[in-house]
Amino acid sequence: MNGRVVSFAWGRGLGHVSRLIAVHTELRALGWDSLLLTDREQRLTEDHGFAQVTIPTDADSLVGEPLCGTGPSVDHRLARALVDQALTTGDVVLHDVTVQRELYDRAARLGCRQVLVHRFQRNRPDPAAWVARHTPAIVQVYLLGEPGREETAHGVRLTGIPHVVRRLLGTRSPWPPGTGEPRIAVVAGGGGHADAPAFLDAALDAVRTYGSRTAGPRHDPRPADLLVLTGPNFRGRVTVPPGLSGPVRVTPYLGPDHDVYRHATAAITHGGYNTVQELARSGVPAVIVPGVRDFDDQRVHLRAAAGRLNAMVAEPDPDAIAQALYLLLRSGRRPMPAAPSEPDGAAALARALVLP
């Protein structure tokens, strides 16, 4: 008998949303229903055809790790009422890294099965101990990128699965037909994290410097065709530096029918978990500039994926980024001729959720 899986997608960044869509897409293929709760409406969720319910959240809404800057305080009675109406006995609750308080509490009262997906977090060196302390109704944790691991600690089952990466719905290029090279995608992490403005300024300045280094015989800068993807949560300003040749296209969001990386000559990105998995899937040459997050350590993701990436790591400095881009493209490193097989962590997790 088929059922329903309910998740909360923390919309402060797109990482949780993207991973949950990957898993719920596999659940849909198995005939199961899905419901995504979120703190803000997500176009990505809509584009993948999933129902979503927006509930009020604030810094106290996440169990065990309230974050700063999550917005003004809210009346949690409304959140509880919405979750009470949405969740039913028999639902399976899938938490992705963060645990939403109202959803967890309601599921515990109803006796719903609850599981947690975990990826590296500085504040959770021992995920089983964290779960046992903060969310004892969760008895199963799935560890991303650790296939084959199986153990029990603090009464919590730990199961390693391959990495999870959201499948695209199409392969359209975001560049117009006939666009020349180099086509450089500049992608801010976290859907437009607070450090996105500084990152974008440094990346665009780096492309200007790269153009000057590769100037032709007449000392004209080599033009690059830039696509700047700021993320839907971006609230800053994109400033094009003087002397940057070539067109610059800026957009907050591209739908899942576009394949940005496969059509790029190179990319300049942050190094979040999902970005790293997408870069590994595409094989595009990339300059990765690790961002700073509350609990995440993007350098850990980069070290873990080093053998699967066609990339160089640079500090958040225009000259360092320009040097890495110059070396990357001068070496002639091109996208991998055959796309590596995508991780099947989403499929593995979906099967684990629906099997009795």
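Model, not experiment: these values are computed from the prediction.
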Return the minimal non-hydrogen interatomic distance between [X] and [Y], and the atom names on each side.
X      : Y      : answer
Leu144 : Pro162 : CD2-O, 4.1 Å
Ala322 : Ala206 : CB-O, 3.4 Å
Asp39  : Thr57  : CB-OG1, 3.1 Å

For [Y], does its backbone N or O pair with a side-chain atom of [X] as donor and acceptor, under 3.5 Å?
X      : Y      : answer
Thr251 : Leu229 : no
Asp344 : Ala347 : no
Gln100 : Glu102 : yes
Asp96  : Leu20  : no
Asp91  : Val6   : no
Asn274 : Gly15  : yes
Thr25  : Ile21  : yes
His193 : Phe234 : no
Thr45  : Glu41  : no
Arg19  : Val165 : no

Which value, rounded to the nearest 0.5 Å, describes the distance between [X] atom [atom1] and [Y] atom [atom2]?
X      : Y      : atom1 : atom2 : answer
Ile321 : Asp205 : CD1   : CG    : 9.0 Å
Leu103 : Ser7   : CG    : OG    : 8.0 Å
Arg4   : Asp33  : CZ    : CG    : 7.5 Å
Arg101 : His134 : CZ    : NE2   : 10.0 Å
Leu37  : Thr54  : CG    : OG1   : 9.0 Å
Arg106 : Gln114 : CZ    : CD    : 12.0 Å

Parallel, tilted or perpendicular: ring planes of His301 versus Tyr273, cut at 30 and 60 degrees: perpendicular
For Phe50 and His24, take the angle between the two ring planes, folded into 0 to 90°, and tell me which bin it lands in: parallel under 30, tilted 30 to 60, perpendicular over 60. perpendicular
Sidechain N-carboxylate O distance under 4.0 Å for [X], [Y]:
X      : Y      : result
Asp84  : Arg109 : yes
Arg119 : Glu146 : no
Asp225 : Arg183 : no

Side chain proximity check, [X] to [Y], heavy atoms < 4.5 angstrom:
X      : Y      : answer
Asp126 : His154 : yes
Leu353 : Leu94  : yes
Thr269 : Tyr261 : yes
Tyr104 : His95  : yes
Glu151 : Arg157 : no
Val141 : Thr159 : no
Val289 : Glu315 : no
Ile55  : Thr38  : no

Does a donor on one side chain sit under 3.5 Å from an acceptor on the other, for Ser18 and Arg166? yes
State whether a side-chain donor-acceptor pair under 3.5 Å links Arg308 with Gln277. yes
List the steps, then state whether side-chain hydrogen bond (donor to acceptor under 3.5 Å, both in side chains) holds for Tyr253 with Asn233. CA-CA 9 Å; Tyr253 173 83; Asn233 300 327; over 6 Å; no
How far apart are the C-alpha atoms of Leu302 and Val276, what are their side-chain angles, what is the distance that settles it, and do they pass the side-chain contact (heavy atoms from CB on, under 4.5 Å) test? CA-CA 7 Å; Leu302 293 172; Val276 167; 3.8 Å; yes
So Phe199 and His270, ring-ring contact (aromatic ring centres under 6.0 Å, His included) or not? Walk me through it. CA-CA 8 Å; Phe199 163 76; His270 274 134; 4.2 Å; yes
I'd like to know whether the aromatic ring centres of His16 and Phe8 sit less than 6.0 Å apart in this structure. no
